[in-house]
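Given the structure is predicted, the values throughout are model-derived calculations rather than measurements. Here, residue 1 is the first one in the sequence, and each next residue gets the next number. Excluded from the calculations below are hydrogen atoms, water molecules and symmetry mates; all remaining heavy atoms, backbone and side chain alike, are included.
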Amino acid sequence: MDYTPGAMSNRQKANFGISGKRPMSMGTRAHQVAMYVVYEAPLQMLCESPSRYYQEQETVDFITQIPTIWDETIVLHGAIGDYIGVARRKGDKWYIGAMTDWTSRDLELDLSFLKEGNYKMEVYRDGINANRYAEDYKIDAMEVNRESKIIAKMAPGGGWSAIITIPHL
């Protein structure tokens, strides 16, 4: 699949417009970030202006942690044209990406694929106002294990991503 995600000018369907001077993407910022995990493409890049990435360092820092080649892939949820949830492993880290269509959605993500132990999970998700302002996002961190079940709450055109690592002692 060849697609260049990473748009920082994000719009919901209701306020999207075609602009040759200032291109924008349909869907939320978290949807754009989730594409880096969901879409398998060994040569990834960023599609936005370098100036915009300097303004969005927190998002860039999250995206640059996501590899492009995977050791293992597990489909957690999916309905063609509606939504998807995928877990991918590279080495001892897991990456989860979830995306939805124009229907807001809560997906329960079962983390039973993890080995025993506790893990740190960094989450990049739709913000509380992402249903109106598609650039709204939030980054959270939490501890999880193989018994954890996480709810990926997504706005219309939304997304959800996580990076799961073993905490260093």
Side-chain angles (χ1 to χ4, degrees), residues 1-71 73 76 83-102 104-105 107 109 119-142 144 150 152-168:
M1 181 180 301
D2 187 18
Y3 189 82
T4 307
M8 298 289 121
S9 296
N10 316 104
R11 300 293 183 271
Q12 283 292 347
K13 193 190 282 190
N15 55 13
F16 176 79
I18 296 174
S19 169
K21 292 183 180 182
R22 189 68 187 117
M24 62 184 76
S25 71
M26 289 180 77
T28 69
R29 172 75 53 80
H31 186 93
Q32 286 288 313
V33 172
M35 288 179 184
Y36 285 96
V37 178
V38 173
Y39 294 173
E40 186 163 353
L43 179 62
Q44 277 294 14
M45 61 194 79
L46 302 167
C47 70
E48 188 68 64
S49 157
S51 297
R52 187 67 194 264
Y53 289 121
Y54 283 122
Q55 298 168 349
E56 302 288 346
Q57 193 61 51
E58 188 176 53
T59 299
V60 172
D61 290 345
F62 192 91
I63 291 170
T64 57
Q65 295 179 71
I66 301 170
T68 60
I69 299 172
W70 308 101
D71 297 327
T73 298
L76 303 173
Y83 60 90
I84 187 165
V86 177
R88 296 186 188 269
R89 182 182 59 79
K90 177 67 174 179
D92 62 354
K93 293 183 181 181
W94 281 93
Y95 303 81
I96 300 176
M99 296 164 47
T100 187
D101 58 8
W102 294 108
S104 62
R105 197 173 311 274
L107 290 182
L109 305 175
Y119 296 80
K120 177 187 172 196
M121 183 167 77
E122 185 180 6
V123 176
Y124 192 107
R125 62 179 179 83
D126 288 327
I128 194 167
N129 294 307
N131 62 324
R132 292 187 310 274
Y133 179 64
E135 293 180 12
D136 186 25
Y137 68 90
K138 183 152 177 53
I139 295 178
D140 294 317
M142 62 189 76
V144 296
I150 304 298
K153 184 174 183 61
M154 295 178 282
W160 189 96
S161 302
I163 300 171
I164 303 173
T165 57
I166 299 171
H168 297 289

Which heavy atom of [X] sits nearest to which heavy atom of [Y], and what is that distance?
X	Y	value
A134	G27	CB-O, 3.5 Å
K90	P67	CB-CG, 3.7 Å
P156	N131	CD-CB, 3.9 Å
F62	V33	CD2-CG1, 3.7 Å
A30	S161	O-OG, 4.5 Å

Open item on the list: So, using side chain to side chain donor-acceptor pair (under 3.5 Å) as the criterion, who are the partners of Y36 when residues are at least two apart?
Closed with: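 In terms of side chain to side chain donor-acceptor pair (under 3.5 Å), with neighbours along the sequence ignored, Y36 is linked to no residue.
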Task: Residues that R88 engages under side chain to side chain donor-acceptor pair (under 3.5 Å), provided they are two or more places apart - done: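 R88 satisfies side chain to side chain donor-acceptor pair (under 3.5 Å) with E40, T73 once adjacent residues are dropped.
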To the nearest 0.5 Å, how far apart are [atom1] in [X] and [atom2] in [Y]?
X	Y	atom1	atom2	value
N129	K138	CG	NZ	12.5 Å
I128	Y133	CD1	OH	15.5 Å
L76	I84	CG	CD1	9.0 Å
D71	R89	CG	CZ	4.5 Å
H31	T100	NE2	OG1	8.5 Å

Task: Distance-only side-chain donor-acceptor flag, Q65 / D61, under 3.5 Å - done: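 There is no such pair (donor and acceptor under 3.5 Å, judged by atom type) between the side chains of Q65 and D61.
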Open item on the list: Considering only residues two or more places apart or on different chains, which pairs with a residue in residues 123-137 satisfy salt bridge (Lys or Arg N to Asp or Glu O under 4.0 Å)?
Closed with: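 Sorted pair list: R11-E135, R29-E135, R52-E135, R125-D140.
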Open item on the list: For K120, is the NZ atom crowded, meaning more than 12 foreign heavy atoms sit under 6.0 Å from it?
Closed with: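 Counting neighbours around NZ of K120, 12 or fewer heavy atoms of other residues, nucleotides or ligands fall under 6.0 Å, so no.
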Task: Min side-chain heavy-atom separation T59-Q32 under 4.5 Å - done: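 No. Closest side-chain heavy atoms not under 4.5 Å.
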Open item on the list: If you define the side chain from C-beta out and look only at heavy atoms, does anything of M121 sit under 4.5 Å from Y119?
Closed with: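 M121 does not reach Y119 side chain to side chain.
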- [ ] With side chain to side chain contact (heavy atoms under 4.5 Å, CB included) as the test, would you mind laying out the steps for M154 and L107 before giving the verdict?
- [x] CA-CA 8 Å; M154 295 178 282; L107 290 182; 3.7 Å; yes
Task: ring-ring contact (aromatic ring centres under 6.0 Å, His included) involving W102 - partner list, sequence neighbours excluded - done: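 Applying ring-ring contact (aromatic ring centres under 6.0 Å, His included) to W102 gives none.
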TODO: With sequence neighbours excluded, tell me which residues meet ring-ring contact (aromatic ring centres under 6.0 Å, His included) with Y83.
DONE: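 Expected list: none.
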- [ ] List the steps, then state whether side chain to side chain contact (heavy atoms under 4.5 Å, CB included) holds for I96 with W160.
- [x] CA-CA 8 Å; I96 300 176; W160 189 96; 3.8 Å; yes
Task: side chain to side chain contact (heavy atoms under 4.5 Å, CB included) between Y124 and I63, intermediate numbers included - done: CA-CA 10 Å; Y124 192 107; I63 291 170; over 6 Å; no
Task: Residues which pass salt bridge (Lys or Arg N to Asp or Glu O under 4.0 Å) with D101, listed by chain and number, not counting sequence neighbours - done: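 Once residues adjacent in sequence are excluded, the partners of D101 under the salt bridge (Lys or Arg N to Asp or Glu O under 4.0 Å) criterion are R105.
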